[in-house]
Peer 1: 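If you scroll down you'll find the structure; I have some questions about it.
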Amino acid sequence: METPMDKTMPLHEAIQLYVKNGSHISIGGFTLTRNPMAAVYEIIRQNIRDLHLYAHSNGAGLDELIGAGCISKLEIAYAGIGKAAPTCIRFARAVQNKEILCEDYSNYMMSLRFMAGAMGVPFLPTLSGFGSDILTRWGFSESLRESDPKIVNKKLVVIDNPFGNWAEAEKVLLVPAINPDVTLIHVQKADSMGTCRIQGLTFADIEQAKASRNVIVTCEELVEKENLRQNPDLNQIPFLHVSAVCHVPMGAYPTAVYGYYDYDSQYLKKVGRAAKTEEAFKTYQDTYIYGVKNHSEFLNLIGKDRLRAIAADPETGYSVNMKRD
Amino acid sequence: METPMDKTMPLHEAIQLYVKNGSHISIGGFTLTRNPMAAVYEIIRQNIRDLHLYAHSNGAGLDELIGAGCISKLEIAYAGIGKAAPTCIRFARAVQNKEILCEDYSNYMMSLRFMAGAMGVPFLPTLSGFGSDILTRWGFSESLRESDPKIVNKKLVVIDNPFGNWAEAEKVLLVPAINPDVTLIHVQKADSMGTCRIQGLTFADIEQAKASRNVIVTCEELVEKENLRQNPDLNQIPFLHVSAVCHVPMGAYPTAVYGYYDYDSQYLKKVGRAAKTEEAFKTYQDTYIYGVKNHSEFLNLIGKDRLRAIAADPETGYSVNMKRD
Amino acid sequence: MNKAPAYTPKEIMTIMAAREIKNNDIVFSGTGISMLAAMAAKKINAPDSVIFFETGAMDSLLEEIPFAVADPRIMYRAAANSSLADAFATMQNRITGDKVIAVLGAAQIDIYGNLNTTCIGDYESPRIRFPGSGGGCDVLSFVPRCIAFMQHERQKFVRKLDYLTSPGQLAGGDTRKKAGLRPGGVSIVVTNLGVMRFDKDTGRMYLDKFYPGITQDDILSNTEFKMDVSKASEADPPTETELKILREDCDPQRLILGP
Amino acid sequence: MNKAPAYTPKEIMTIMAAREIKNNDIVFSGTGISMLAAMAAKKINAPDSVIFFETGAMDSLLEEIPFAVADPRIMYRAAANSSLADAFATMQNRITGDKVIAVLGAAQIDIYGNLNTTCIGDYESPRIRFPGSGGGCDVLSFVPRCIAFMQHERQKFVRKLDYLTSPGQLAGGDTRKKAGLRPGGVSIVVTNLGVMRFDKDTGRMYLDKFYPGITQDDILSNTEFKMDVSKASEADPPTETELKILREDCDPQRLILGP
């Protein structure tokens, strides 16, 4: 199976090619920063259902997917979008109404689970979570686990430290690896082979990408290979992990991309208000997601003025003194 | 215990303060690149003995320390200095003559052991080494392990995968964490608080530093805090891991520092020739290590012409077309 | 009412928490008022303390208040930008983790300082679903000191949590150690009524300080479990200097402090 | 002697190995002749193959031959510079590891392709100590294909290794799988006399090709164990084009090829 050297393609093709009904997916970013929103909207537009989503704190993207009814199972550490929605609203409703099955972990556990997947080992150890209900309460039943080979047989396992009391630990908690079918991330720069450069915090994007069977990258800038190779120290994801590269400027809007644009707190608040009722949320998604053909049409709908207001200051990387209340 | 904001001090003070007879230490770099040679020479000059050294492939520094009789125990993956000495010569002699106790691991195992130490867990899992003598042959006996609380009770442990056949692994090999008393690394840039920037490959330096109770950093350039903070994405070791910062230009000579200077293959070859007999090696160390007060005197002895010959080309980061045979 | 304090509840809460932060502390900060407390400590009483986020930013230069721990404002001029995995490893690692103090909020707390940020009602079909652990469970497992911000209400200071998200002293005594946890958990609770601490032996919460104008009875009637108030005294109110720095230098737009 | 080949043993070895590398392979390269083979493949038959080092450099632009896998020459214009931990994870990870072919050398090999790079004699007091595993044990544990370079001598092609550093087929049959290893190990041995491969069922080494001017007997007399030579045929010698590229574009200074 030869890997093509040029992996660029339109986003709708990449989603169609790699994200299927029932796929296990993960998305990059954290709460209100660098969520792969263009990819999320495209999944919604293509009406892909029954997705199994692995998330640490993937706020804005997660709530859109849940609100659109794309998700049936969720493994998660945190669902919030910062000040705009301290708890993701469609997420909370869906869990309360038992519309999705949800299993809880911590942010470190989820990070380690992706890291285990990236490393190719079945689990990683941690000293987090002893005595908590995260350890004892499972969101997926034993029978569900047995019937689905894509779900691990146990949520978490505690073992005695086989090295005595080495590192002052008597017990160790093991978290199982995640290897998603597809991971969707949004980065600042990528080349056509798929090598990626993330600017600012990487969250768990690198681990999520490396753990995944396929990776769809959307990027602010599609650059020449030579451009990225002028400083290999800044490139975190080499091309061999990546399946598709889609050039989507402002592809994380309305979440922030460090050095490019800030989050749009007005828009996020509007979505938060709409999320409070099913009807309002449907109207919102009808207008802003289903009502447009692609991300560029969506951005037209938002309008140049809003986009200009959130443009990043080149020195600080965010929009200085932007109105945020 | 307040941590001082200014951690700069002369190298001989840092070594005196943190490296003691019997200390467990690790050194950064790999074969002929970025070994903390100035720090190694200073340990030799201060005649510190009975050291326990953890190494993956720390070539040039390792062989000087062993040749000077500073090391009594060694946990290692590889002892070679590239083309100059495919096997470290004083290392081989010391093992053959049973002058040091040596326990073998692989490069990944040693990297994972430092990573476990950095993460604060007692072990990490891998699928490497099943069926090998690395798993079955221990360099340290059970009785030595029992008598020394600083040595882990078991070399390696194999367990059944507690998550069934998850990640297609039936068994998993666990490697125990390392937390050295002191790690010595040489970096391109550091500030006085101890934040470090490594240019080019980091090998296992980051994990070694983060695993260690104390870290002595030597640096090519001691820069203002503001300088490093202009791009936090390039700084791999934040100050809170670091105990001492010593400004030692060319502190990795005769090994290479990417972007600053190349390895000195003539000098390494000369050391390799001297290493073939105990007498010649003693004469060599008498002249170049004991015969000088510090690294700057040592560099004077090497001479400006040699140093100029290995200066890095600013574009490629190494000395282009340098005579290397 | 001439004793009415010249500060809001959020202001006194922020100052009470800030005072607990020592110079050279590495302050793990959650969102909202936690960030403000960390910023205030740095500007008032602990100039060499360091603000640190689970998302991987160490010693951020906060020129504006971030709205989340992933806000681009925390990435500017940090000592290092890394990842979740790196940030939590720094806390799990005893050598560095022992230098960290955490500041965070919760939906429910019990007498042992265990926290719930997951749900009200049954886990499988909750009446109210909250965001979940985030890094809370990790931090309370790893670091020796933690300040928890709470609204002081009976349904939040409860006898039994609906879900134990983040471990405090579990069931008190040596149960935390026996479960496999290192010493740690919530050590200080700061509410709109007072400041609570924990007995070293029993692991139980007791009232340490009540704010000017608040009585022990106010606190007891807003706490579902039986809390020891016998050692309590009145808190020193925020000073003019503290309030001035908080209002003018930390949150001039009152984004967190509110009106 | 007009059949005397117009190439040196090192040259034919390099070319034989290079031919095994396919386009788009990720080539894990050890030092010395391994690097040269990887460079030659890229310039001759597999232009889109990628050179990759255990030290963390992916797709290095090799304008000069590196002298070690940590040589600064491998850091220049790579796709990414990372760490040992990252590089080995890429190979342990099945999704990416299955794309990798390793090229390395050893001091001893047995009939099952197990390698010794640790010592001759007893492990506790060896007669000769070698550098040790390095990444050898890891790579042979992880990746599906591996080319091993050897000097063909009786004391190097041995019945029993003094120390099993890196796992091949262990004791053959399903012993590799049973030990916990994924499929992999040495798949091709390239020596100064010929090219060996391994029987899929028994896991035993057999002679595939002998070089022009070399007989099966030459090979058998330089091999301590009993090797099947019944399937062997003469290797196609290096072409003029292959030799020209190797000599002029890969190692013009003959740093690795030697005189």
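So that the names make sense, note that chain A is the first sequence line, chain B the second, and so on, each numbered from 1.
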Peer 1: Given a strict heavy-atom distance threshold of 4.5 Å, which part of L112(A) is in contact with chain C: side chain, backbone, both, or neither?
Peer 2: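 For L112(A), no heavy atom lies under 4.5 Å from chain C.
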Peer 1: When only pairs under 4.5 Å are counted, which of T126(A), I134(A), L101(A), T202(A) shares the most heavy-atom pairs with chain C?
Peer 2: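 Result: the option with the highest number of such pairs is I134(A).
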Peer 1: With respect to chain C, which residue among G317(A), G139(A), A77(A), G29(A) yields the maximal number of heavy-atom pairs within a distance under 4.5 Å?
Peer 2: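 Ranked by heavy-atom pairs under 4.5 Å with chain C, first place is A77(A).
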Peer 1: Quick one: closest heavy-atom pair of Q96(A) and P126(C), and the distance?
Peer 2: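 Taking every non-hydrogen atom into account, CG-O, 3.4 Å.
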Peer 1: If I measure from the heavy atoms of chain C, does T255(A) come under 4.5 Å with its side chain, its backbone, both, or neither?
Peer 2: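 Neither part, no heavy atoms under 4.5 Å.
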Peer 1: For the pair Y318(A) and Y76(C), name the ring-plane relationship: parallel under 30°, tilted 30 to 60°, perpendicular over 60°.
Peer 2: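 Ring orientation, 0 to 90° scale: perpendicular.
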Peer 1: I'd like to verify something: which residue of Q199(A), M115(A), M109(A), E168(A) has the highest number of heavy-atom pairs under 4.5 Å with chain C?
Peer 2: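 Result: the option with the highest number of such pairs is E168(A).
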Peer 1: Under the side chain to side chain contact (heavy atoms under 4.5 Å, CB included) rule, what do M110(A) and L84(C) come out as? Steps first, then yes or no, please.
Peer 2: CA-CA 10 Å; M110(A) 289 305 290; L84(C) 297 181; over 6 Å; no
Peer 1: At a heavy-atom separation under 4.5 Å, does V172(A) approach chain C through its side chain, its backbone, both, or neither?
Peer 2: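 For V172(A), neither part sits under 4.5 Å from chain C.
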Peer 1: Identify the residue among T87(A), I81(A), I76(A) that makes a side chain to side chain contact (heavy atoms under 4.5 Å, CB included) with P131(C).
Peer 2: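 Answer after filtering T87(A), I81(A), I76(A): T87(A).
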Peer 1: Taking the six-membered ring of Y163(C) (Phe, Tyr or Trp), confirm whether the NZ or CZ of R137(A) is under 6.0 Å from its centre and within 45° of its axis.
Peer 2: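 No; the conditions do not both hold, so R137(A) does not lie above the ring face of Y163(C).
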Peer 1: In terms of heavy-atom proximity below 4.5 Å to chain C, should Y105(A) be classed as side chain, backbone, both, or neither?
Peer 2: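 Looking at Y105(A), just its backbone touches chain C.
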Peer 1: Determine whether a donor-acceptor pair (N or O, by modelled atom type, separation under 3.5 Å) exists between the side chain of D133(A) and the backbone of L164(C).
Peer 2: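 A pair under 3.5 Å: yes.
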Peer 1: Pick one of side chain, backbone, both or neither for I74(C), based on which atoms fall under 4.5 Å of a heavy atom in chain A.
Peer 2: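 Just the side chain, heavy atoms under 4.5 Å.
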Peer 1: Quick one: what part of S82(C) sits under 4.5 Å from any heavy atom of chain A, side chain, backbone, both or neither?
Peer 2: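 Only the backbone of S82(C) comes within 4.5 Å of chain A.
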Peer 1: Side chain from CB out, backbone as N, CA, C, O: work out which of these in R93(A) comes under 4.5 Å of a heavy atom of chain C, or both, or neither.
Peer 2: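 Nothing of R93(A), per the 4.5 Å heavy-atom cut-off to chain C.
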Peer 1: To the closest 0.5 Å, what do you measure between CE (M91(C)) and CG (L127(A))?
Peer 2: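 Answer for the CE-CG pair, M91(C) versus L127(A), is 13.0 Å.
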Peer 1: Determine yes or no for a side-chain-to-main-chain donor-acceptor pair under 3.5 angstrom, with E64(C) supplying the side chain and N321(A) the backbone.
Peer 2: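 Yes; at least one donor-acceptor contact below 3.5 Å.
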Peer 1: Could you tell me the separation between the CD atom of E315(A) and the CD atom of E63(C), rounded to the nearest 0.5 Å?
Peer 2: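 Between atom CD of E315(A) and atom CD of E63(C) there are 8.0 Å.
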Peer 1: With a 4.5 Å cut-off on heavy-atom pairs, point out which of P72(C), P167(C), G136(C) contacts chain A the most.
Peer 2: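 Top count of heavy-atom pairs under 4.5 Å with chain A: P72(C).
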Peer 1: Please assess T117(C) against Y78(A) for the test side chain to side chain contact (heavy atoms under 4.5 Å, CB included), listing each intermediate value before the final yes or no.
Peer 2: CA-CA 9 Å; T117(C) 54; Y78(A) 185 85; over 6 Å; no
Peer 1: Side chain, backbone, both or neither: which part of Y263(A) has a heavy atom under 4.5 Å from chain C?
Peer 2: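 Contact with chain C: side chain only.
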Peer 1: Atom NE2 of H56(A) and atom CD of E54(C): how far apart are they, to the nearest 0.5 Å?
Peer 2: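 Those atoms lie 10.0 Å apart.
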Peer 1: With respect to chain C, which residue among A92(A), S111(A), S106(A) yields the maximal number of heavy-atom pairs within a distance under 4.5 Å?
Peer 2: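 Sorted descending by pairs with chain C, the first entry is S106(A).
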Peer 1: Report, in residue-number order, which members of residues 171-183 of chain C are under 4.5 Å from chain A by heavy-atom distance.
Peer 2: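 Listed by number, the contacting residues are K177(C), K178(C), A179(C), G180(C), L181(C), R182(C).
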Peer 1: Using a heavy-atom cutoff of under 4.5 Å, enumerate the residues of residues 145-155 of chain C that contact chain A, numbered in order, or state 'none'.
Peer 2: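 Expected list: none.
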Peer 1: Can you see which heavy atom on C102(A) is nearest to which on R129(C), and at what distance?
Peer 2: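 In this case the closest contact between C102(A) and R129(C) is SG-NH1, 4.0 Å.
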Peer 1: Between P86(A), G131(A), G82(A), which residue shows the highest count of heavy-atom pairs closer than 4.5 Å to chain C?
Peer 2: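 Greatest number of close heavy-atom pairs with chain C: G131(A).
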Peer 1: Does K83(A) come within less than 4.0 Å of D71(C), counting only side-chain N to carboxylate O?
Peer 2: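 Judged by the 4.0 Å cut-off on N to carboxylate O distance, K83(A) and D71(C) do not form a salt bridge.
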Peer 1: Check each atom of A87(C) against the heavy atoms of chain A and say whether the ones under 4.5 Å are side chain, backbone, both or neither.
Peer 2: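 For A87(C), there is no contact with chain A at all, as no heavy atom is under 4.5 Å.
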Peer 1: Taking the side chain from D138(C) and the backbone from Y108(A), do they hold a donor-acceptor pair closer than 3.5 Å?
Peer 2: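 Confirmed, D138(C) side chain pairs with Y108(A) backbone.
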Peer 1: Is a side-chain N or O of T33(A) found less than 3.5 angstrom from the main chain of A70(C), in a donor-acceptor match?
Peer 2: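 Answer holds: yes.
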Peer 1: Indicate the atoms forming the closest heavy-atom contact of K98(A) with S125(C), along with that distance.
Peer 2: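 Smallest heavy-atom distance, with atoms named: CD-CB, 3.4 Å.
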Peer 1: Show your reasoning for whether side chain to side chain contact (heavy atoms under 4.5 Å, CB included) applies to S83(C) and E207(A).
Peer 2: CA-CA 10 Å; S83(C) 64; E207(A) 293 83 358; 4.3 Å; yes
Peer 1: Heavy-atom distances under 4.5 Å only: say whether S128(A) touches chain C with side chain, backbone, both or neither.
Peer 2: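 Backbone plus side chain of S128(A), per the 4.5 Å heavy-atom cut-off to chain C.
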Peer 1: What distance do N107(A) atom CG and S133(C) atom OG have between them, rounded to the nearest 0.5 Å?
Peer 2: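 Going from the CG atom of N107(A) to the OG atom of S133(C) covers 6.5 Å.
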Peer 1: Chain C: which of I206(A), T316(A), T31(A) shares the most heavy-atom pairs with it under 4.5 Å?
Peer 2: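 Of I206(A), T316(A), T31(A), T316(A) has the most heavy-atom pairs under 4.5 Å with chain C.
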